[in-house]
Protein chains: 2
Amino acid sequence: MTLPDAAENAADAAQMARICWYYFKEGQTQEAIAQRLKITRKRVNQILGDARQNGFVQITIASSIGPCHELETALVATFGLRQAIVVPSPLAGGDARPLVGAAAGQYVSEHLPPAGALGISWGGTINAAAQNLARRRGMNNRVVLLCGGLAESTLVNPYDNAAMMARALDATCYYITAPMFAESRTLRDALVASEPIRSVLAMVPTLDLALLSAIDLSKQSKPLEYGVISRATWQSLRDAGAVGDICGHYLDAEGHTVDHPLTSLVVSPKLDDLRRVPELVLAAGSRQKVAIIRAAIRAGLCHVLITDEDAAKDLAQG
Amino acid sequence: MTLPDAAENAADAAQMARICWYYFKEGQTQEAIAQRLKITRKRVNQILGDARQNGFVQITIASSIGPCHELETALVATFGLRQAIVVPSPLAGGDARPLVGAAAGQYVSEHLPPAGALGISWGGTINAAAQNLARRRGMNNRVVLLCGGLAESTLVNPYDNAAMMARALDATCYYITAPMFAESRTLRDALVASEPIRSVLAMVPTLDLALLSAIDLSKQSKPLEYGVISRATWQSLRDAGAVGDICGHYLDAEGHTVDHPLTSLVVSPKLDDLRRVPELVLAAGSRQKVAIIRAAIRAGLCHVLITDEDAAKDLAQG
DNA sequence: CACCAGACGACACATATGTGACGTCAATGG
DNA sequence: CCATTGACGTCACATATGTGTCGTCTGGTG
């Protein structure tokens, strides 16, 4: 597999754009396009597939009434949210993250002010959001990654996420150049106090919007699967009552931070700084995240919730 | 045929949104969606077709390098434009207006400030633009129609255009409640001086952006075809040296207004008022419009040009 | 020079999609 | 009450699409 969003060279990009134009805008058949451009139909097919894959073409559904309108109003009413966006859950019980992420990308595109500063956390949902941002050029946006990095690159790496997001917005990107979890409390404190990291964390209260995702501690949790946290840590976090984390802050069902050694190792913005962001958008879907979503809302970390139908139903019912 | 963009009722809209979501976002097959929703595949197919037709789903190609990048830079350089957007011409020599309009809609979506005031002229291109606007809600936009109406409703009617545009932006719409061409000069003057019309025309200098289209005087000109102007008038305009009009102002190849009786009958904003709009976007494509496009640029009525490849080539070369 | 990996073209074929023909049924109007 | 009409379901079928296989070419690489 090539790089997920290889910009390739200009000629290729132009041809891709042309093919997409003929196909999606003009409604030409792949065969016709292939003949016109003197390439094989298969090639056209491939290019179109790639283009959809990596967000080169974006499909937006412009409707004042979304498909799950009742659930949205129910969530707003129940939790006192500013807004809720609920997208249909995947039919075949598939992965909700690309879908929730797509909606999140669209939301951010529409709500991040020009020259705005965007904070992001990381994960598959955020990754999908990045691919669904409307591209901006030269608007002086800033992207701030709200967590440290992972040494071992998994499929979804925080730095990758942030870079992709920044590229889509033509934004300057600010990274926390530290591991997500420091090895010791002393090291964590030293890192947080040290220059490049302190200055990035200091940007948090100046953000215009933060796009947060929720990481759950269920058995199907991705970080567990990818080995971001060990099984032992996972178990002890659960024992401590945690249902997941938002940006490295582990919360119990009530939305209070749990008492656990890990909490003093995390390099991330303070909760109070996060709460100072004028618009906190939480993008997280699927049943396994219901508990942490509810906790996040209770913790005052969610003004706008973007989720899927399954999770929304559970949330709305109680 | 039903209304082109019948909003239908909420339930229908929600189902349409859901179907589009499953199909375009999740990539489900029409068959699968039909089964899931207990409707026939044909119905799904129809709904998807409708949705694409009337701009319910919008497909945008997010590329920094468009398919005709060289032509764009050439046009900017040659004519001193702020920006040029060139889209591929229709393959089978079809109608360029929906394509140019689609690009125009996207441009306006991205450049009209929140709570901005948008002026529009009319025609098939503008119509297509309206269907390709990103929907806005409650942003207090305003839409001002920059020409009078037509008594006889053709396929593309100015009032229709404006209403569609306003609906997409959830904007208040201001119409010039007068015919496009008054019967006599006296009547024109009386109309322009009279209340509802004067106040709308007075809004022109306060616009943030105007989306203009160009009407040519070639034999294939749509207004001629639809009988908006008589053949005799058409001939006399050509004899007077006119190559087309922008918002009712007939220009010769050099961009000067022509001397012709019709010019004193048109109910429309003054050229100087138009020129005061900070961003004039001209959306017009196909070869037959090259002359009037060039005239409009020379007349200072075009900061941003959105056109198609054929026209762009002619413009750049000649 | 021999070799090999990978890109690409030429098929081939199973599905998916768009559309037409035709029958049914319910609402509408005389 | 009955005829008309139009919306919608079923079936059918021509295209369009996505994907797999195989052979060729090309550009490294030892």
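Note that the coordinates shown come from a computational prediction; the quantities given were computed from them, not determined experimentally. Chain A is the first sequence line, chain B the second, and so forth, proteins listed ahead of strands; every chain is numbered from 1. Below, all heavy atoms of this structure are taken into account, side chains as well, without hydrogens, waters or symmetry copies.
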Could you list the donor-acceptor pairs under 3.5 angstrom formed between side-chain atoms of residues 26-33 of chain B and any protein atom two or more places apart in sequence or on another chain?
from: B/E26; atom 1: OE2; to: A/L91; atom 2: N; distance (Å): 2.7
from: B/E26; atom 1: OE2; to: B/Q28; atom 2: NE2; distance (Å): 3.1
from: B/T29; atom 1: OG1; to: B/E31; atom 2: N; distance (Å): 3.4
from: B/Q30; atom 1: OE1; to: B/N45; atom 2: ND2; distance (Å): 3.1
from: B/E31; atom 1: OE2; to: B/Q35; atom 2: NE2; distance (Å): 3.4

Original post:
With sequence neighbours excluded, what pairs up with B/F56 under the ring pair (Phe, Tyr, Trp, His ring centres under 6.0 Å) test?
Top reply: none
Original post:
What are the residues of residues 44-52 of chain A, sorted by number, that bring a heavy atom to within less than 4.0 Å of DNA chain C?
Top reply: none
Original post:
In whole angstrom, what separates A/R43's CZ from C/dC11's C1'?
Top reply: 18 Å
Original post:
Applying salt bridge (Lys or Arg N to Asp or Glu O under 4.0 Å), which residue pairs with at least one partner in residues 55-69 of chain A are found, sequence neighbours left out?
Top reply: none
Subject >> Net bend of the helix from C/dC1-D/dG30 to C/dG30-D/dC1, end axes of five pairs each, nearest 10 degrees >> reply: 20°
Original post:
Side chains of B/S213 and B/T125: donor-acceptor distance under 3.5 Å anywhere?
Top reply: no
Original post:
What pairs with A/Y23 under ring pair (Phe, Tyr, Trp, His ring centres under 6.0 Å), at least two apart in sequence or on another chain?
Top reply: none
Original post:
When you check the side-chain N and O atoms of B/R43 and B/Q46, is any donor under 3.5 Å from an acceptor?
Top reply: yes
Subject >> Partner set under side-chain hydrogen bond (donor to acceptor under 3.5 Å, both in side chains) for A/E110, not counting sequence neighbours >> reply: A/Q106
Subject >> Partners passing ring pair (Phe, Tyr, Trp, His ring centres under 6.0 Å) against A/F24 (at least two apart in sequence or in another chain) >> reply: none
Original post:
Which distance, rounded to the nearest 0.5 Å, do you find between the CZ of B/R287 and the CG of B/D216?
Top reply: 14.0 Å
Original post:
Rounded to the Å, how far apart are B/R41 CZ and C/dG20 P?
Top reply: 14 Å
Subject >> Contacting residues from residues 24-40 of chain A, given that a heavy atom lies under 4.0 angstrom of DNA chain C >> reply: A/T40
Write down the protein N/O and nucleotide N/O pairs, taken from nucleotides 20-25 of chain D, whose separation is under 3.5 Å; answer none if there are no such pairs.
from: D/dG20; atom 1: N7; to: A/K42; atom 2: NZ; distance (Å): 3.0
from: D/dG20; atom 1: O6; to: A/K42; atom 2: NZ; distance (Å): 3.1
from: D/dT21; atom 1: O4; to: A/K42; atom 2: NZ; distance (Å): 3.4

Original post:
For D/dA16, does either OP1 or OP2 sit under 4.0 Å from a side-chain N or O belonging to A/Y23?
Top reply: no
Subject >> Sequence neighbours excluded, every pair satisfying salt bridge (Lys or Arg N to Asp or Glu O under 4.0 Å) that has a member inside residues 52-75 of chain A >> reply: none
Original post:
Would A/V143 and A/L169 count as a side-chain contact (heavy atoms from CB on, under 4.5 Å) if you check the C-alpha gap in whole Å, the side-chain angles of each, and the deciding distance to 0.1 Å?
Top reply: CA-CA 8 Å; A/V143 168; A/L169 295 174; 4.0 Å; yes
**OP:** State which residues pass side chain to side chain contact (heavy atoms under 4.5 Å, CB included) with B/D50; sequence neighbours excluded, sorted by chain then number.
**Re:** B/M16
Original post:
Can you find a heavy atom in the side chain of A/D160 that is under 4.5 Å from one in the side chain of A/N127?
Top reply: no
